[in-house]
Amino acid sequence: AAAAAAAAAPPLAGEALESAKAQSQVGIDKARAAYEAEKARKAAALERAREAKAREAEAAAAAAAAAPPLAGEALESAKAQSQVGIDKARAAYEAEKARKAAALERAREAKAREAEAAAAAAA
């Protein structure tokens, strides 16, 4: 219906055509300005993020340089805690692996039962 109304309308000419062109250009200019503003905003945000990351890296490096190296009992304690964490992670991985294997086996058994039932129904 809208296409038919547009087709039935006489083509723009003269002052009406110039006005439509001007309005169109104003819309294009507004869109271009909004695009450029958004582009500038994103660039500024990216620069702020880079600066923050650089500051964090500098602070971490300074903290690492200021911290005395571990030695003796503190070193052994840190190693033991690290090993405990590794053991927990390994146990969690193995448990998840076993859970997935059991689920796969249940799925295979269910599929085999369905195939047997379909074969029996077909016979």
**Q** By side-chain hydrogen bond (donor to acceptor under 3.5 Å, both in side chains), which residues pair with Arg113, not counting sequence neighbours?
**A**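 Expected list: none.
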
**Q** Is it true that Arg48 and Glu51 have a side-chain N and a carboxylate O under 4.0 angstrom from each other?
**A**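 Answer for the salt bridge query: no.
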
**Q** Salt bridge (charged side-chain N to carboxylate O under 4.0 Å, His left out): which pairs involve residues 70-79, sequence neighbours left out?
**A**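 Output for this query is empty, none listed.
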
**Q** Out of curiosity, Arg90 CZ to Ile86 CD1, how far, rounded to the nearest 0.5 Å?
**A**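 The distance works out to 7.0 Å.
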
